[in-house]
Amino acid sequence: MTAEPLPEHPDFLWRNPDPERSYDVVIVGAGGHGLATAYYLAKNHGITNVAVLEKGWLAGGNMARNTTIIRSNYLWDESAAIYEHALKLWERLPEELEYDFLFSQRGVLNLAHTLQDVREGVRRVNANRLNGVDAEWLEPDEVAKVCPILNVSSRTRYPVLGGTFQPRAGIAKHDHVAWALARRADELGVDLIQGCEVTGFLKDGDRVVGVDTNRGRIHAGRVGLAAAGHSSVLAERAGVRLPVQSHPLQALVSELHEPVHPTVVMSNHVHVYVSQAHKGELVMGAGVDSYNGYGQRGSFHVIEQQMAAAVELFPIFARAHVLRTWGGIVDVTPDASPIIGSTPVENLYVNCGWGTGGFKATPAAGWTFAHTIATGEPHPLNAPFALDRFTTGALIDEHGAAAVAH
Amino acid sequence: MLLITCPWCGPRNETEYHYGGQAHVPHPESPADLTDEQWAEYVFYRDNPKGPFAERWMHSVGCRRWFNVLRDTATHEVLTSYRLDEPRPGGNR
Ligand SMILES: Cc1cc2nc3c(=O)[nH]c(=O)nc-3n(C[C@H](O)[C@H](O)[C@H](O)COP(=O)(O)OP(=O)(O)OC[C@H]3O[C@@H](n4cnc5c(N)ncnc54)[C@H](O)[C@@H]3O)c2cc1C
Ligand SMILES: [Zn+2]
């Protein structure tokens, strides 16, 4: 294996316009989801009088902080459908956007360490196949063939008893994904406005008619929130309560190494997930901190546990150095599935609750959110993910079911 | 790592505790009378403020008792801790 070269940076990707006084659609948040929504509003629905407002810099939120794992091996039909739609879009996006963001279908292994893990994994493989999602159950010796540096000996504390494998899963260069979407949205006429924080909402009775920002008042026919960890803080200003809790989630990278790690490995039970970036860093994540937080840093003991798990699974990492750690703020729903749809406020739409795993959904989140905003009706793929499922009880309970966070 | 004070055992590391989410969420007095919306509210909706938050913690490897903590979710500052039968310091907001 040799390290793949990174794509060249085009020197000019989007304009930096000042905000107009009014738009057909205002999207709050220029993460991957906000950008994909703007792109599909323009491309699929011909709606180009659109602004994406970003309080910081473009895609500097969770989009810049995630571990970039893309897969669609979710348990429930509703989830499999939307994540598999995303994966199919990922497979054609580099060509469509004419931007090679190094989508690498190197596969994802989800390890099993207990009898219960094994049963859950086999069940999920069967569910995936019924939903047309590629999935295989691998015994420990087959796991070792996919990822030779994994310790599959039976003499570890939590031996590897097997794993599920999705060959079409993989990783992508997250920053380049954002830039690719931003460039194309900009070309189609969308205004991408950085350093523009939404501080409140303009309402006419029960209808939203615009937003207040640190750069003035902006009128809007429709407003879509794609603010990830800050969705509930923002929605509250519009008088909408969301069933989400924000938690810090951390990740870290090592210094550069020779290519040694050919796939993505995730373990729910010992809780670490590892891939090797194109340049050579080992990229690792673990779980969220248990408590609510917006501080963009997490607890050190989470890192300690994740490193202990990583070294047991990959003994050759024992002397690797951590180069950098960071945190993002993710919004988690009670059933660990996203919310995409309308709100009790007319013309205000929300895309949130992706928790620790929304990067992989980026194209499908944008596709379905754009459809919902453009038509006022959910797309069949996001209809089950409406806010009212918490009242009707039609939950899509992916906690644990989908094989680890992300 | 947070330094949290158990009202009975004193200040200990975060790792000694288990988190229990928002404090002061009373069980409905007559559950049979609730609408679906009110049930959803009770079961699924919790505050998620960026700032001071009253929350429950349990001293799981110590005295194993539940208590409340007032913590700033933006700065990580643990403002105070108090027993379950005590009101939230400084009123409700
Ligand atoms: C450490 C970590 C690892 C992760 N790993 C994975 C993974 O491997 N695979 C995966 O699928 N997912 C992963 N995720 C989750 C994924 O990153 C998120 O679910 C996804 O990025 C959320 O959508 P987004 O890209 O639009 O969010 P963001 O990029 O966070 O976009 C939201 C934007 O809204 C802006 N904003 C907020 N409030 C306002 C306001 N008032 N006004 C204007 N702008 C505002 C923010 O600045 C931000 O840029 C991970 C997340 C983290 C933190
Ligand atoms: Zn105690």
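As the structure is a prediction and not an experimental result, all values here were calculated from the model. Proteins come first, then strands; the chains are lettered A, B, ... in the order of their sequence lines, and each starts at number 1.
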* Structure fact -> Under 4.5 Å to a heavy atom of chain B? For A:I303 that would be neither
* Are there more than 12 heavy atoms of other residues, nucleotides or ligands under 6.0 Å from atom NE2 of B:H27? -> yes
* Structure fact -> Among B:R46, B:K50, B:H18, the residue with the most heavy-atom pairs under 4.5 Å to chain A is B:K50
* Residue among A:V233, A:N292, A:D331 satisfying side-chain contact (heavy atoms from CB on, under 4.5 Å) with B:N48 -> A:N292
* **Interatomic distance, B:M1 atom CE to A:F300 atom CZ [nearest 0.5 angstrom]** => 8.0 Å
* Asked: Using non-hydrogen atoms only, which part of B:E14 is less than 4.5 Å away from chain A: side chain, backbone, both, or neither?
  -> side chain
* Asked: Just wondering, more than 12 heavy atoms not from A:D206 lying within 6.0 Å of its CG?
  -> no
* Structure fact -> Of B:E55, B:E41, B:Q38, the largest count of non-hydrogen pairs under 4.5 angstrom with chain A goes to B:E41
* Asked: Is the shortest heavy-atom distance from the side chain of B:W57 to the side chain of A:Y291 under 4.5 Å?
  -> yes
* Inspect the surroundings of CZ in A:R237 and state if more than 12 heavy atoms from other residues, nucleotides or ligands are less than 6.0 Å away. => yes
* Check the surroundings of atom CH2 in A:W326: do more than 12 heavy atoms from other residues, nucleotides or ligands lie under 6.0 Å from it? => yes
* Asked: Once the angle between the rings of A:F390 and B:F44 is folded into 0 to 90°, is it parallel (under 30°), tilted (30 to 60°) or perpendicular (over 60°)?
  -> perpendicular
* Structure fact -> Checking heavy-atom separations under 4.5 Å from chain B, one finds in residues 239-248 of chain A A:R241, A:L242, A:P243, A:V244, A:Q245, A:S246
* To do: Drop me the distance from B:L2's CG to A:H301's NE2, to the nearest 0.5 angstrom.
  => 7.5 Å
* Asked: With only heavy atoms counted, which part of B:Y45 is less than 4.5 Å from chain A, the side chain, the backbone, both or neither?
  -> both
